[in-house]
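So you know, we letter chains A, B, ... as the sequences are listed, proteins then strands, and number each from 1. These values consider heavy atoms only, across backbone and side chains, with no hydrogens, waters or symmetry-generated copies. These numbers come from a predicted model, not from an experiment.
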Amino acid sequence: MEQSFHEMHCLIDLMVGNGIAPNHFVYNILISAYAQEETVGEVMHIFTKMQQEGLNPDVANYGAVINLLSSIGRMDDAMSQYNQMITEGLLPGIIVFTPLISGFCSCGKWEKVDELFSEMLDRGICPDTVFFNTVMDHLCKNGRVIEAQDLFDLMVNMGVKPFVRDYNTLIHGYCLVGKMDEGRKLLDNMCSIGLKPDDFTYSILIDGYSMKGRIGDALIVVREMLDGKVKPSIITFNIMIGALLKGGRKEEAKDLFDGIWANGLVPDVITYSLMIQKLIEEGSLQESDDLFLSMEKNGCVADSHMLNAIVRSLLRKGEVPRAGTYLSKIDERVFTLEASTAGLLTALASGGKCQEYKGLLPEKYHSFLEQGTD
DNA sequence: TTAGGGTTAG
């Protein structure tokens with residue numbers, strides 16, 4: 001980035017040297033590019049530089065700067081820029097209000113959200129589909145699904161057509177607070193107005209039912225998805241496999257796993273992680289090792305989360321030597337031990353077998369055993 | 001591509 005910052009300066013100097021003064025377009029391309037990298041120093045430098053050269057920032061320039069400041073939570077600074085542009089007589093548009101309001105949502109300043117939304121409407125600025133989706137998503141993720149629903153209704157009343165993504169956002173909101181029947185109603189509602197649910201819609205609902213332990217209802221949605229000719233993604237498979245395993249329906253989960261390839265997909269690290277943990281849990285240790293090997297043979301590489309989860313499963317089963325094998329992989333690949341994994345190691349030593357276990361685990365992790373003997 | 005946003009799994 002430092003290099004390209006230098007290049008940017010050279011480019012601007014070259015333009016000036018050729019009698020071409022950089023305009024708002026040029027500056028905004030630069031500001032936006034640096035904003036994407038979240039390099040605040042550079043952005044503010046360019047912003048100052050353009051003003052020094054007698055070019056007053058336009059609404060787009062302010063929009064890009066306010067977006068950057070809001071995205072990193074510097075709301076005081078974002079508001080100062082907003083006030084500055086008002087002072088200069090510029091008229092803020094939806095491009096300025098969306099990041100500003102989104103920023104206040106991110107830090108939970110809901111009264112500021114309400115205040116700015118009112119101000120925006122007072123200024124005659126119409127919220128659009130991007131605005132509604134952004135704010136609804138924030139509300140849903142904070143458990144404020146009732147307010148998200150109100151916003152959704154307002155959107156419809158204002159004549160802004162909801163898209164599949166808006167439904168997905170709201171259904172997710174209901175799932176997060178366990179209101180599955182409301183989520184389910186929305187699925188039917190979107191179908192009735194001619195919107196076709198996608199794999200996200202179904203996956204969100206399947207996961208929601210699964211979290212509530214309603215495996216039967218989850219499977220009904222799976223059936224509807226397949227009947228509707230919506231192709232599941234590997235994530236959908238992972239959700240379904242997770243739901244079945246949770247419901248103790250291992251054979252069906254295994255059938256789904258075997259059917260992944262027929263759907264033109266390949267299992268990913270999460271699919272394998274789910275299956276392997278289940279095998280360990282039921283004591284099929286050789287099978288779990290075999291699956292791990294075939295996974296790596298298929299080019300799917302274990303990540304830190306997976307190895308930690310495997311180690312924890314093995315430790316819970318008292319399979320210390322095998323856990324040692326996977327701990328060595330964590331060590332070799334320079335992954336970190338997660339706190340919950342370390343906690344299990346420490347707990348292990350409190351049983352008085354610290355010395356015995358030391359011989360089974362890589363030396364690097366002996367300190368966790370020693371902590372347990374205090 | 002001059003400016004704002006967003007969904008699912010261990």
- [ ] Report the nucleotide, chosen from B/dG5, B/dG10, B/dA3, that has the shortest atom-to-atom distance to any side-chain atom of A/Thr134.
- [x] B/dG5

- [ ] Using atom CZ of A/Phe200 as one end and atom P of B/dA9 as the other, report the distance to the nearest whole Å.
- [x] 10 Å

Open item on the list: Quick check with a 6.0 Å cut-off and a 45 degree axis cone: is A/Lys112 positioned over the face of A/Phe104's six-membered ring?
Closed with: yes

- [ ] Consider the side chain of A/His305, meaning its heavy atoms from C-beta on, and name the nucleotide among B/dG10, B/dA3, B/dT7 that approaches it most closely.
- [x] B/dG10

TODO: Answer with base, sugar-phosphate or nothing: what part of the nucleic acid does A/Ile235 contact at a heavy-atom distance below 4.0 Å?
DONE: base

Task: A/Ile270 CD1 to B/dG10 P, straight-line distance once rounded to whole Å - done: 7 Å

Task: Plane angle bin for A/Tyr62 and A/Phe47 - parallel if under 30°, tilted between 30 and 60°, otherwise perpendicular - done: perpendicular

TODO: Compare the minimum distances between each of B/dT8, B/dG10, B/dG5 and the side chain of A/Lys141, then state the nucleotide with the smallest one.
DONE: B/dT8

- [ ] Quote, to the nearest angstrom, the C1' distance that separates B/dG5 from B/dA9.
- [x] 23 Å

Open item on the list: Using the side-chain heavy atoms of A/Ile239, tell me which of these nucleotides is nearest: B/dT8, B/dG10, B/dA3.
Closed with: B/dT8

Task: Euclidean distance, atom CZ of residue A/Phe104 to atom C1' of B/dG4 [Å, nearest integer] - done: 16 Å

TODO: Grab the two heavy atoms, one from A/Pro197 and one from A/Met190, that are nearest each other, plus how far apart they are.
DONE: CA-CE, 3.8 Å

TODO: Select one nucleotide: of B/dT7, B/dG4, B/dT8, the one nearest the side-chain heavy atoms of A/Ile94.
DONE: B/dG4

- [ ] For A/Val26, answer base if it contacts any base atom (sugar-phosphate contacts may also be present), sugar-phosphate if it contacts only those atoms, and nothing otherwise; contact means non-hydrogen atoms under 4.0 Å.
- [x] nothing

- [ ] Using atom CD1 of A/Ile241 as one end and atom P of B/dG10 as the other, report the distance to the nearest whole Å.
- [x] 13 Å

Open item on the list: Among B/dT8, B/dG5, B/dG10, which nucleotide has an atom closest to any side-chain atom of A/Ile204?
Closed with: B/dT8

TODO: Using only side-chain N and O atoms of A/Asn67, determine if any of them is under 4.0 Å from OP1 or OP2 of B/dG4.
DONE: yes

Open item on the list: What I want to find out is whether A/Arg184 reaches A/Glu224 closely enough, with some N-O distance under 4.0 Å, to be called a salt bridge.
Closed with: yes

TODO: Flag this pair as yes if the NZ/CZ of A/Lys254 is under 6.0 angstrom from the six-membered ring centre of A/Phe257 and inside a 45 degree cone about the axis; otherwise no.
DONE: no

- [ ] Would you please indicate yes or no on a ring centroid separation below 6.0 angstrom for A/Phe117 and A/Phe97?
- [x] no

TODO: Could you check which of B/dG10, B/dG5, B/dT8 has an atom nearest any side-chain atom of A/Met306?
DONE: B/dG10

Task: Integer-rounded Å distance: B/dG4 P and A/Asn133 CG - done: 16 Å

Task: Touch class at under 4.0 angstrom, heavy-atom based, for A/Asp303 against every strand present - done: base

TODO: Could you check which of B/dT7, B/dA9, B/dG4 has an atom nearest any side-chain atom of A/Phe131?
DONE: B/dG4

Open item on the list: I need the CE-P distance between A/Met190 and B/dT7, as an integer number of Å.
Closed with: 16 Å

TODO: Have a look at A/Asp198 and say if it touches a base, only the backbone sugar-phosphate, or nothing, with a 4.0 Å heavy-atom cut-off.
DONE: nothing

- [ ] Measure from the side chain of A/Thr98, starting at C-beta and using heavy atoms only, and say which of B/dG4, B/dT7, B/dA3 lies closest.
- [x] B/dG4

Open item on the list: Taking the minimum atom-to-atom distance to the side chain of A/Val130, which one of B/dT2, B/dA3, B/dG5 wins?
Closed with: B/dG5

TODO: Scan A/Ser102 against the nucleic acid and name what it touches under 4.0 Å (heavy atoms): base, sugar-phosphate only, or nothing.
DONE: nothing

Open item on the list: Take a 6.0 Å sphere around CG of A/Asp258 and say whether it holds more than 12 heavy atoms from other residues, nucleotides or ligands.
Closed with: yes

Open item on the list: Using a heavy-atom cut-off of 4.0 Å across all strands, would you classify A/Thr129 as base, sugar-phosphate, or nothing?
Closed with: base

Open item on the list: On the nucleotide B/dG10, are OP1 or OP2 found under 4.0 Å from the side-chain N or O atoms that A/Lys278 carries?
Closed with: no

- [ ] Find the distance A/Met240:CE to B/dT8:C1' and express it as a whole number of Å.
- [x] 12 Å

Open item on the list: Applying a 4.0 Å non-hydrogen cut-off, can you work out what A/Asn61 is touching in the nucleic acid: base, sugar-phosphate, or nothing?
Closed with: nothing

